[in-house]
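Here the structure is laid out as C-alpha cells; the discussion comes afterwards.
In what follows, chains are A, B, ... by sequence order, proteins preceding strands, each numbered from 1.
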There are 2 protein chains.
Amino acid sequence: MPTHTTDEPQGGLPRNYLRATLLLLIGEAPAHGYDLLEQVAQLGLGKVDPGGLYRALRVMERDGLVGSTWEHSSAGPARRTYTLLPDGTDWLHAWAGALRESHRYLSIYLSRYDAIIERQNHPPVAPVENVPPGPPGPTP
Amino acid sequence: MPTHTTDEPQGGLPRNYLRATLLLLIGEAPAHGYDLLEQVAQLGLGKVDPGGLYRALRVMERDGLVGSTWEHSSAGPARRTYTLLPDGTDWLHAWAGALRESHRYLSIYLSRYDAIIERQNHPPVAPVENVPPGPPGPTP
DNA sequence: GCTCGGTAGGTGCACCGTACACTTATCTGC
DNA sequence: GCAGATAAGTGTACGGTGCACCTACCGAGC
C-alpha cells in the first residue's frame with residue numbers, strides 16, 4: 001500500500017510562504033521568533049511549526065537578509081530580535097512581485113472554477129440526465 | 001560555498017498547483033497530456049516541465065481522480081485522453097476551497113506590503129534620517 | 001530508404017521546503 | 001521544587017518540483 005497517495009489538500013499555500021511572510025512582518029517592525037510565531041498564526045495561517053520558523057530565520061540571517069541581536073528581557077528567557085537588512089528589503093520587494101503574480105493566477109483559476117460550477121447549474125442545452133424535452137406522456 | 005542558499009524567488013506559486021490546475025482543465029474539458037501542457041503554459045505559468053505533468057497525471061489516475069483512454073489518432077502518435085472522475089470532482093472542489101483561502105491570504109499579504117511601501121513614502125513623523133528639527137544654520 | 005522535426009508520453013534523480021516530533025533553557029507562580 | 005509559559009532550537013523523513021534525458025510514432029524532404 002502506498003504510504004501517502006493524494007492526501008487532503010492541506011492548504012495550497014505558496015511555496016516559501018514562510019520566508020515571505022517573515023520578511024513582511026520583520027519589515028513592518030523588528031520582532032523576535034516567538035513573537036513572529038504568533039503573528040504568523042494570526043495572519044490567516046493557523047498553527048505554524050516553530051522549528052521551521054526558527055530555521056527559516058537563521059537561514060535568512062545566514063544569507064544576510066535579516067540581522068539579529070540578543071535581548072535579555074527581565075521577564076523570561078533571552079530573545080533574538082530580528083531586523084530587516086537592505087538585502088532583505090530587496091527580497092521583500094521581489095517576493096511581493098512574485099506573490100502578486102501568484103495572486104493574479106489564483107484569480108484566474110478561481111474565476112474559471114466558478115464558471116464550471118455555473119455551467120453545471122445552468123446547462124446550455126440538452127440536459128442529458130433528466131427532464132427530457134417535449135410534452136409528458138406515457139412511455140412509448 | 002553552500003550550493004543554493006536563498007536563490008531568486010522563482011515564482012511563489014501554490015504548492016501542488018500542478019495537480020490543481022490539471023484537475024481544473026480536465027474538468028473544463030477532457031484532454032490529453034500534450035494538450036494540457038500547452039494549456040497550462042498559456043494559463044499564466046509559462047513553460048511547465050513535461051515530466052512532472054505526465055507524472056502528476058499518472059498519480060492522479062492511480063488515485064482514481066481521473067480516468068484515461070488511449071486514442072489512436074490518424075496523424076501522430078497515440079494519445080492518452082484524460083477525463084474527470086467523481087473523486088476528481090470532489091478534489092477539484094476541495095482544491096478550489098483551499099486556493100480561495102490562499103487567495104485571501106495573498107490579498108492580506110499584498111495590502112500589508114503596500115502599506116509598508118506607502119509608509120516609506122509618507123513617513124508619519126520625525127524622519128530620523130535627515131532634516132533635523134530646529135532652525136537651519138551653517139554646518140558647524 | 002533514411003534522416004529530421006514535431007507530436008506524444010515517459011523515467012531518473014537530486015534538491016529543498018515543509019511537517020512532525022523532540023529537546024533545552026529561563027523565569028514566574030503555586 | 002514543580003508546572004507552565006516563554007523562547008529557541010535540532011533530527012528526520014516525506015513529497016513536489018525542476019532538470020536532464022529517453023522512447024516511440026508519423027509525415028515531409030533529400
If the condition is side-chain contact (heavy atoms from CB on, under 4.5 Å), which residues does [X] pass it with, not counting sequence neighbours?
X     : result
A:A41 : none
B:T69 : B:E71, B:T81
A:R55 : none
A:A78 : A:W70, A:H72

Return whichever of A:P14 or B:R80 has its heavy-atom-nearest nucleotide of DNA chain C closer to the 5' end.
B:R80
Expressed in angstrom and rounded to an integer, what is the separation of [X] atom [atom1] from [N] atom [atom2]?
X     : N      : atom1 : atom2 : answer
A:H72 : C:dC27 : NE2   : C1'   : 14 Å
B:E71 : C:dG9  : CD    : P     : 10 Å
B:L57 : D:dT17 : CG    : P     : 13 Å
A:Y17 : D:dG16 : OH    : P     : 16 Å
A:W70 : D:dA8  : CH2   : C1'   : 6 Å
B:M60 : D:dG15 : CE    : P     : 17 Å
A:R58 : D:dT10 : CZ    : C1'   : 11 Å
A:N16 : D:dG18 : CG    : P     : 12 Å

It should be established whether A:R15 places a side-chain nitrogen or oxygen under 4.0 Å from OP1 or OP2 of nucleotide D:dG16.
no
OP1 or OP2 of D:dG9 versus the side-chain N and O atoms of A:Y54: is any pair under 4.0 Å?
no
Would you mind listing every ring pair (Phe, Tyr, Trp, His ring centres under 6.0 Å) that reaches into residues 98-120 of chain A, with sequence neighbours excluded?
A:H103-B:H103, A:Y113-B:H93
On a heavy-atom basis, which atom in A:L37 and which in A:V48 lie closest, and how many Å separate them?
CD1-O, 3.7 Å
Considering residues at least two apart in sequence or located in another chain, which fulfil the side chain to side chain donor-acceptor pair (under 3.5 Å) criterion with A:E38?
none
Write out a two-atom table: protein N or O, nucleotide N or O from nucleotides 3-6 of chain D, distance below 3.5 Å.
{"residue": "D:dT6", "atom": "OP2", "partner": "A:Y34", "partner atom": "OH", "Å": "3.2"}

For A:A78, which contact category applies under a 4.0 Å heavy-atom criterion: base, sugar-phosphate, or nothing?
sugar-phosphate
Test item: B:I26 and B:L57 side chains (from C-beta on) under 4.5 Å apart, heavy atoms:
yes
I'd like a table of atom pairs between the protein and nucleotides 19-23 of chain D - only N or O on both sides, under 3.5 Å - with the distance next to each one.
{"residue": "D:dC19", "atom": "N4", "partner": "B:D49", "partner atom": "OD2", "Å": "3.4"}

Quick one: salt bridge (charged side-chain N to carboxylate O under 4.0 Å, His left out) pairs with a partner in residues 105-121 of chain B, sequence neighbours left out?
A:E28-B:R112, A:R100-B:D114
